[in-house]
Number of protein chains: 2
Amino acid sequence: MAHGGKPRPMKGIRQLAEHLDISIGTVSRALNGKPDVNEETRKRVLAAAEQLGYVANQSGRSLRQGTTNVIGLMIQSSRETVENSDNFFLTVTGGLQSVFSRHNLDLIMLPCPHDEDPYEYLKRMVARRIVDALILSETQRVDKRFDMLAKAKIPFAALGRSLSGVQHPWADLDFDGVANCAVDRLVAHGHRRIAISTPASDINLGFVFVEGYRRALERHGIPYDPALVIRAKSSEQGGYQVADELLGLKDRPTAVILIYELMAIGFYRRVMEAGIIPGRDVAVVGFREAPRAKFLQPTLTCFRTSLHDLGVELAEILLSSMPAYNHIYPNTKRQRTWPLELVPGESDAFHLTTGK
Amino acid sequence: MAHGGKPRPMKGIRQLAEHLDISIGTVSRALNGKPDVNEETRKRVLAAAEQLGYVANQSGRSLRQGTTNVIGLMIQSSRETVENSDNFFLTVTGGLQSVFSRHNLDLIMLPCPHDEDPYEYLKRMVARRIVDALILSETQRVDKRFDMLAKAKIPFAALGRSLSGVQHPWADLDFDGVANCAVDRLVAHGHRRIAISTPASDINLGFVFVEGYRRALERHGIPYDPALVIRAKSSEQGGYQVADELLGLKDRPTAVILIYELMAIGFYRRVMEAGIIPGRDVAVVGFREAPRAKFLQPTLTCFRTSLHDLGVELAEILLSSMPAYNHIYPNTKRQRTWPLELVPGESDAFHLTTGK
DNA sequence: CTGAAAGCGCTTACAG
DNA sequence: CTGAAAGCGCTTACAG
């Protein structure tokens, strides 16, 4: 009898069922692809839902099913991150979504406000049950968040290793390998005083990076000099500051390894102000290849990687640790260092003459 | 009698109520700050909740209240956006949150996957009732999303004007004003052939920008030449391309206005390759001041603004259009062009000699 | 294959 | 000031 009424705004499954003159249970089963539904009925239901724009209310589903079908990507937009996370997240996000969408999981980003403690923020989000699982970024050396999520039994994966919860699933850029490769390359060009930059914060990648550098030096029999480890913000400004500090050192290094791509821009600027030319007077190795660093002159030696594919990997790692999806990604390695490939440029393409 | 049990993982308001030996209704009222609760009781409840880490399940609340207390910021991470949205969103987000947090509203970002139609994506998010209200970005010249949200009675505000739904609430950078100011300045320096860049897409800001430019030219009695409107991606590469196209024009312009800050980097690079020096041979006016553009030499004439404050404004505009918050922001202007302030640099600081 | 009913975790009139 | 109960919109055993 409800037939023929003009499509009013859809209020819920009840209206849809009335419109079709069948029970809400059947509507639900049809919509959710349950097998025990007459194909004829299913078609009618799907057509009506489409026509009336019905989509199940998520709160209702979540409450009943205990699952939201939403994955959260937590972002700590600290002042420093805001300056340098340029598109990093949006690119990784693309990779994550390409996997999640296969399972009708939606990705949302959870930006932790500057003035809120990330741990408390996360706790709140978890308690509210807004998401089924989480991807964490900005992994700290010791990161309480992992232990909390483990205890709360919320599946998660981290962008970055940590000393905490040593068995937690993660994917991470191969900072270690980059530092290694950079040192090898510089040493081969005759350098022995090699500086390196690292973030000022407790973010773990800095430790991994410097540790790789230290071991590489050791391999070459070069003593590790803490004075050559420069703490700076990961930004153009930070690069400027690194150059500034290096210029002030008495036994000035002949090479520098930067941990963040845009630092090279500030670094170039500062040394050039001092009449020092990268690739001639000082060797520079950047980190990740960035579109804007491409415009540097001389071209920057750096490392190429696909952040999109890193996102894919991270998504699969997460799903493999979720009971509901584990069977689909059974053989996924739960901890994965993500490789970067050297892109040689002109910025370190000279041999250090011993007389210098 | 439930007293003294060791704190098991909190499962819901029922456990909390049992633990306290009072009814769930009272627990709820205490937690939500309702006035008709004994202060003693409220204290006990809050203490227990804190201790046991209880936070109300959002699905339960949403279902009952019909409101999620979540605001969504939709981001269309098109390939182009990913390249250039560097931190723009994260900065605006900070401003948005500073307002929303006053009302216990959480902001989440909804990144529309590359391969999904933004309109369909939004429709789905709306139907699922994941958020109470939305902030839209990447406003198109004609943007169906506005009409859909209006029809669905979902409160929203847009970052950017549009021709659609002319009365919709928005905040937008003053592209008009920037184009105007840039033209005035360049004309005052003797320029008459002034080029301008605009995005290749249908995003409305490009139209607003070019329209402001056209009117400014008109004011100065300079004919509008469509050949001087260069469509390019908003990125370093796009800037490179703009320079390339300008170099190829027969009656070469003496000045250019760029719509996106990072374009200047590519532009500089390309003209310098041709032996042309910005600020001497060609005048360049950039758009928004960016940390990385600060390292350009000669320094770029551009415009300064606070994206954080723009976020604050946008949040207030949104809240003023939400029935539940309207009374708190009664006098908020619902449509707001956001000013930018000229930062003079060296890139256009020369007078064009008529003989050139 | 379908319908009727229970129940997910909350909030909120309604009694008392 | 507190408790008992209804009901938000769904999904899913359970009957038939």
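Chain letters run A, B, ... following the sequence lines, proteins first, then strands; residues in each count from 1.
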Interatomic distance, B/Asn57 CG vs D/dG9 C1' [rounded to whole Å]
14 Å
Testing D/dT11, D/dC8, C/dT2 for proximity to the side chain of B/Leu63, the answer is D/dC8
Which residues pass the side chain to side chain donor-acceptor pair (under 3.5 Å) test with B/Thr41, not counting sequence neighbours?
none
OP1 or OP2 of C/dT12 under 4.0 Å from side-chain N/O of B/Lys34
yes
Solution key, residues 315-328 of chain B side-chain donor-acceptor pairs under 3.5 Å, sequence neighbours excluded:
| from | atom 1 | to | atom 2 | distance (Å) |
| --- | --- | --- | --- | --- |
| B/Glu316 | OE2 | B/Arg102 | NH2 | 3.4 |
| B/Ser320 | OG | B/Ile317 | O | 2.9 |
| B/Ser321 | OG | B/Leu318 | O | 2.8 |

Parsed dot-bracket for DNA chain D after applying the Watson-Crick and G-U rules with both distances under 3.5 Å and | for other-strand partners is |||.||||||||.|||
Nearest whole Å is fine: how far is D/dT11 P from A/Arg14 CZ?
12 Å
If I take atom CG in residue B/Asn69 and atom P in nucleotide C/dT11, what distance separates them, rounded to the nearest angstrom?
10 Å
Just how far, in rounded Å, is P of D/dC1 from CG of B/Asn38?
6 Å
Does C/dC10 have OP1 or OP2 under 4.0 Å away from a side-chain N or O of B/Gln58?
no
Pair A/Lys43 + A/Glu40, salt bridge at N-O below 4.0 Å
no
Identify, with sequence neighbours excluded, every residue that meets salt bridge (Lys or Arg N to Asp or Glu O under 4.0 Å) alongside B/Arg141.
none
Among residues at least two apart in sequence or on other chains, which ones pass salt bridge (Lys or Arg N to Asp or Glu O under 4.0 Å) with A/Glu50?
none
Is B/Ser59 touching bases, backbone alone, or none of the nucleic acid, heavy atoms closer than 4.0 Å?
nothing
Sequence neighbours left out, what passes ring-ring contact (aromatic ring centres under 6.0 Å, His included) with B/Phe100? Give chain and number order.
none
According to salt bridge (Lys or Arg N to Asp or Glu O under 4.0 Å), does anything in residues 91-101 of chain A pair up with another residue at least two apart or in another chain? List the pairs.
none
For a quick check of understanding: with a heavy-atom distance under 4.0 Å over all strands, which category does A/Asp36 fall into, base, sugar-phosphate or nothing?
base
Quickly work out the A/Arg128 CZ to C/dC8 P distance and round it to whole Å.
22 Å
Mind listing the N/O atom pairs, protein and nucleotides 3-5 of chain D, below 3.5 Å?
| from | atom 1 | to | atom 2 | distance (Å) |
| --- | --- | --- | --- | --- |
| D/dG3 | OP2 | B/Ser23 | N | 3.0 |
| D/dG3 | OP2 | B/Ser23 | OG | 2.9 |
| D/dG3 | OP2 | B/Thr26 | OG1 | 2.9 |
| D/dG3 | N7 | B/Arg29 | NH2 | 2.8 |
| D/dG3 | O6 | B/Arg29 | NH1 | 3.2 |

List for me each residue that meets ring-ring contact (aromatic ring centres under 6.0 Å, His included) alongside A/Tyr329, sequence neighbours excluded, and say none if there are none.
A/His103
Determine the contact category for A/Thr41: base if any of its heavy atoms lies under 4.0 Å from a base atom, sugar-phosphate if only primed atoms, P, OP1 or OP2 are that close, otherwise nothing.
sugar-phosphate
Output yes when at least one side-chain N/O atom of A/Arg64 is less than 4.0 Å from OP1 or OP2 of C/dG7, else no.
no
